Amino acid sequence: MVTPTTNPATSSPAEAGVLDAVIIGAGFAGMYQLHTLRDRLGLSVQVIEAADGVGGTWYWNRYPGARCDSESHSYCYAFSEDLIKDWEWSERYPEQPEIIRYLNFVADRLDLKRSIRFQTRVTGAAYDETANLWRVTTDDGARISARYLIAAVGCLSTANVPQFPGLDTFEGDWYHTGLWPHEGVDFSGKRVIQIGTGSTGIQAAPVIARTAGHLTVMQRTPNYSVPARNTPLSAEFRQWVKDNFADIKRTMRGNTNGHAFTIQDRSAFDVSDEERLAIYEAAWEKGGLQFRASFRDILTSKEANDTAAEFLKQKIREIVKDPETAARLADIDHPYAAKRPPIDTDYFDTFNRDNVDLVDVRADPIEAITPTGVRLRSGVEHAADIIVFATGFDAMTGSLLRLGITGRDGLSLSKAWEAGPRNYLGLQVAGFPNMFTVTGPGSPSVLCNMPVAIEQHVEWIADCIAYMRERGIEHIEARDDAADGWVEQVNEAARATLLPEAHHSWYLGANVPGKPRVFMPYAGGMARYREICDEVAAEGYEGFSLT
Ligand code: N01
């Protein structure tokens with residue numbers, strides 16, 4: 001928990017107009033970080049946000065079918081009983097507009113917007129060693145100085161638009177799902193090509209197919225998916241959540257993935273073949289991400305994983321009527337959940353529609369975009385009025401690197417991370433004093449239900465700043481040896497799982513050509529990570545130098 005301080009001003013910077021903290025980003029992370037620093041610690045704080053509203057990733061991802069894969073009662077702030085009490089989710093998985101409404105409700109309730117500078121992009125942030133201040137510049141010409149710099153830019157906020165030759169010659173319209181127009185896109189009667197079949201593509205295709213004249217889905221890596229089984233929430237369930245939130249919170253904070261379900265403590269081989277099948281069948285009917293919680297060893301034993309993988313591939317073959325299409329969809333080459341596992345509403349069934357085709361762009365890769373469509377290496381051309389890029393993100397590092405951050409001695413973050421992200425606890429980079437990243441690489445972040453990961457980081461950072469101010473400490477910096485040790489722990493944690501076996505996963509940076517291949521999130525589990533961070537703090541911030 002964040003320690004409130006009644007007399008925080010032990011180290012007010014001497015320069016006039018200097019803030020205590022600048023936070024970049026007004027999504028889940030930036031909003032809560034603002035609340036902890038401004039309202040609990042009494043600091044002067046400015047949030048800088050490129051969008052004209054709160055929401056972060058959810059502000060930009062307005063594509064058809066955009067909906068959260070975490071269940072609504074677990075996809076919210078848990079720090080405030082009042083917020084839990086006064087908000088009603090309508091469905092099992094909240095849709096994008098509902099999440100934006102929720103975040104606005106929180107921002108208004110906590111009076112956050114007055115401290116957020118909207119429609120402003122950070123163009124640079126440089127550490128001034130003499131003054132021990134961060135000098136932040138923005139695209140509207142502002143120069144802001146602050147003691148602490150907190151990057152709350154999200155893990156999935158820099159769109160990855162593949163550099164296909166000829167895109168600029170395309171005469172139709174094209175969109176990336178992560179930069180979707182606010183007014184929506186009318187697909188009625190149009191020939192649409194969707195490139196990408198990750199979590200986003202799997203959500204979007206069924207919705208696009210409903211109105212498009214024709215939809216061609218271009219699949220490079222086939223993917224597993226489990227039905228979401230979305231449904232409106234009953235009044236009884238909503239009441240149950242409010243009455244039992246303390247227990248729900250304990251479950252979310254005490255397990256590896258931050259969700260409100262527990263991973264079964266049994267191996268896939270503790271049960272007979274028939275029992276295992278029945279367990280998978282029940283999990284398939286229940287739907288959602290907890291399919292992977294059916295057995296404790298799904299992500300650690302290839303043999304256990306194979307049982308889940310085969311079950312899911314068989315489901316594809318049963319749902320998709322055309323055997324050739326079914327075979328292409330089920331030709332999955334990685335362990336189940338080694339890439340982020342999607343959940344869907346009618347994804348595989350969409351390929352039974354007359355107006356939908358699947359094209360295998362692994363066998364016949366996209367060579368170019370032409371004025372009228374997409375040409376493959378074989379020379380086959382698919383015509384399109386609209387191209388939808390569901391091609392993901394320059395994940396975890398992309399948004400941090402494009403901020404133009406330089407640390408001590410003019411060291412740029414891109415130079416420091418030339419060989420891949422290197423930091424301590426996913427929280428601080430050596431050479432970048434008083435700068436924190438929320439759910440950065442090296443933290444559980446994307447392997448966890450995000451709000452749970454975010455709350456832990458935000459509270460840890462606020463506690464750390466409070467600790468420093470109480471003791472007159474003005475400078476905190478991760479030590480090099482601590483960062484090296486942490487990188488090794490992150491690698492070790494990944495190696496203990498099947499996650500690195502998905503060679504084309506964005507967890508490894510493999511989706512962006514030229515990006516260093518390093519397993520980025522910490523796979524040792526949220527609960528273990530929380531313990532490590534707590535131990536570090538209890539030992540007087542071991543691994544950091546404090547001066
Ligand atoms: O992105 P992705 P996403 N030619 O990178 C393909 C979160 N999320 O936006 O796998 C052809 O997973 C690429 O192929 P391959 C969630 O954490 C959450 O779908 O690289 N194809 C892949 O099929 C998720 O994991 C929710 O071979 C190309 C697809 O594009 C993360 O966001 C909803 C290509 C990209 O898949 C990212 O998901 C949605 C090329 N050059 C997303 N380049 C909710 O919970 C890429 N692809 C709500």
Side-chain angles (χ1 to χ4, degrees), residues 28 56-58 60-72 74-75 93-96 98-99 154-165 167 176-180 193-205 207 216-225 228 230 257 259 288-289 329 331-334 337-345 347 358-369 374 376-377 387-396 398 439 445-451 453 499 502-515 520-521:
F28 264 97
T57 299
W58 290 107
W60 303 102
N61 280 269
R62 295 163 186 255
Y63 59 86
R67 187 183 287 286
C68 188
D69 290 348
S70 298
E71 297 192 37
S72 49
S74 64
Y75 200 76
Y93 305 96
E95 215 177 353
Q96 182 271 345
E98 190 168 21
I99 299 172
C155 299
L156 298 160
S157 38
T158 297
N160 168 43
V161 180
Q163 298 301 300
F164 297 122
L167 181 56
H176 185 280
T177 48
L179 296 169
W180 204 256
I193 290 179
Q194 176 187 303
I195 303 171
T197 53
S199 302
T200 299
I202 280 176
Q203 285 185 334
V207 183
T216 303
V217 177
M218 297 198 162
Q219 167 190 273
R220 186 163 70 179
T221 303
N223 222 334
Y224 303 94
S225 187
N230 187 40
N257 55 36
H259 286 282
L289 289 174
L329 286 164
D331 185 21
I332 309 174
D333 63 351
H334 54 274
K339 294 183 88 168
R340 162 53 160 77
I343 60 174
D344 71 276
T345 301
Y347 176 63
L358 180 71
V359 170
D360 179 354
V361 295
R362 167 147 292 160
D364 191 1
I366 298 171
E367 191 171 72
I369 309 292
V374 175
L376 307 182
R377 185 178 291 166
I387 301 175
V388 173
F389 288 92
T391 44
F393 303 90
D394 182 353
M396 306 204 78
T439 63
S445 57
V446 291
L447 298 178
C448 182
N449 180 27
M450 280 309 274
L499 290 163
H503 302 293
H504 30 61
S505 142
W506 60 258
Y507 293 155
L508 276 160
N511 62 327
V512 177
K515 187 164 172 170
M520 293 185 285

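Just so we're clear, the structure is a prediction, and the values are computed from it rather than from any experiment. Computed from heavy atoms alone, side chains included, the values below leave out hydrogens, waters and symmetry copies. One is the number of the first residue; the rest follow in order along the sequence. One-based numbering, in listed order, for ligands and for the atoms of each.
Atom numbering of ligand 1 starts at 1 in the shown order; those under 4.0 Å from a heavy atom of Phe164 are 4 (N), 40 (C), 41 (N). Annotation for ligand 1: atoms under 4.0 Å from non-hydrogen atoms of Cys68 are 45 (O), 48 (C). Those atoms of ligand 1 that come under 4.0 Å of a heavy atom in Ile195, given as number and element, are 11 (C), 21 (N). Of all atoms in ligand 1, numbered sequentially from 1 with element shown, those under 4.0 Å from a heavy atom of Asp69 are 26 (C), 44 (C), 45 (O), 48 (C). Listed by number with element, the atoms of ligand 1 under 4.0 Å from a non-hydrogen atom of Gly196 are 6 (C), 23 (O), 29 (C), 30 (O).
A heavy-atom distance below 4.5 Å is found between the side chains of Met450 and Cys155. When side chains are defined from C-beta on, Tyr507 does not count as touching Met520, because their heavy atoms never get closer than 4.5 Å. Taking 4.5 Å as the limit, some side-chain heavy atom of Phe389 sits within range of a side-chain heavy atom of Leu167. The closest side-chain heavy-atom distance from Val359 to Val217 is not below 4.5 Å. Taking 4.5 Å as the limit, every side-chain heavy atom of Pro222 sits out of range of all side-chain heavy atoms of Thr197. Taking 4.5 Å as the limit, every side-chain heavy atom of Val361 sits out of range of all side-chain heavy atoms of Ile195. When side chains are defined from C-beta on, His334 counts as touching Tyr224, because their heavy atoms get closer than 4.5 Å. Counting heavy atoms from C-beta outward, Arg67 and Val207 have side chains that stay 4.5 Å or more apart.
For Asn61, the side chain to side chain contact (heavy atoms under 4.5 Å, CB included) test picks out Thr57, Tyr63, Phe393, with sequence neighbours left out.
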Can you list the steps and then say if Tyr347 with Leu329 is a side chain to side chain contact (heavy atoms under 4.5 Å, CB included)? CA-CA 11 Å; Tyr347 176 63; Leu329 286 164; 4.2 Å; yes
Test side chain to side chain contact (heavy atoms under 4.5 Å, CB included) on Thr177 and Gln203 and set out the steps. CA-CA 11 Å; Thr177 48; Gln203 285 185 334; over 6 Å; no
Kindly indicate, with the supporting measurements, whether the criterion side chain to side chain contact (heavy atoms under 4.5 Å, CB included) is fulfilled by Val374 and Leu376. CA-CA 7 Å; Val374 175; Leu376 307 182; 4.3 Å; yes
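Scanning all protein heavy atoms for the shortest distance to atom 5 (O) of ligand 1 gives Trp506 CD1, 3.3 Å. Gly392 CA, 3.1 Å is the protein heavy atom nearest to atom 1 (O) of ligand 1. Considering only non-hydrogen protein atoms, atom 35 (C) of ligand 1 sits nearest to Ala390 O, 3.3 Å. For atom 48 (C) of ligand 1, the closest non-hydrogen atom of the protein is Arg67 O, 2.4 Å. In terms of protein heavy atoms, atom 38 (O) of ligand 1 is closest to Thr200 OG1, 3.8 Å. The nearest heavy-atom contact from the protein to atom 36 (O) of ligand 1 is Gly198 CA, 3.6 Å. When only non-hydrogen protein atoms are considered, atom 8 (N) of ligand 1 lies nearest to Ser199 CB, 4.0 Å. Given atom 20 (O) of ligand 1, the protein heavy atom at minimum distance is Arg220 NH2, 2.9 Å.
Between Thr221 and ligand 1, at least one pair of N/O atoms sits closer than 3.5 Å. Considering both main-chain and side-chain atoms, Leu156 never comes within under 3.5 Å of ligand 1 through any nitrogen or oxygen pair. Considering backbone and side-chain atoms alike, Gln203 places every N or O at 3.5 Å or more from each N or O of ligand 1.
Here Pro162 has side-chain heavy atoms under 4.0 Å from ligand 1, and that is the only part of it that gets that close. Proximity of Trp58 to ligand 1, defined as any heavy-atom pair under 4.0 Å, is confined to the side chain (atoms from C-beta onward). Contact annotation for Tyr63 and ligand 1: only side-chain heavy atoms (C-beta onward) come within less than 4.0 Å of the ligand. Contacts with ligand 1 closer than 4.0 Å are made by no heavy atom of Met218, backbone or side chain. Using a 4.0 Å cut-off between heavy atoms, Gln219 makes no contact with ligand 1 at all.
Between Arg340 and Asp69 there is a salt bridge, since at least one side-chain N of the basic residue sits less than 4.0 Å from a carboxylate O of the acidic one.
Side-chain contact of Asn449 with Ser70: a donor-acceptor pair under 3.5 Å is present, judged by distance alone.
Residue contact check for ligand 1: Thr197 places a non-hydrogen atom closer than 4.0 Å to it. The shortest heavy-atom distance from Lys339 to ligand 1 is under 4.0 Å.
A donor-acceptor pair under 3.5 Å is absent between the side-chain atoms of Lys515 and the main chain of Trp506, judged by distance alone.
In this structure, of His176, His504, Arg340, the residue bringing a heavy atom nearest to atom 16 (C) of ligand 1 is Arg340. Nearest-residue assignment for atom 47 (N) of ligand 1 (options Asn511, Ile343, Thr391; heavy-atom criterion): Thr391.
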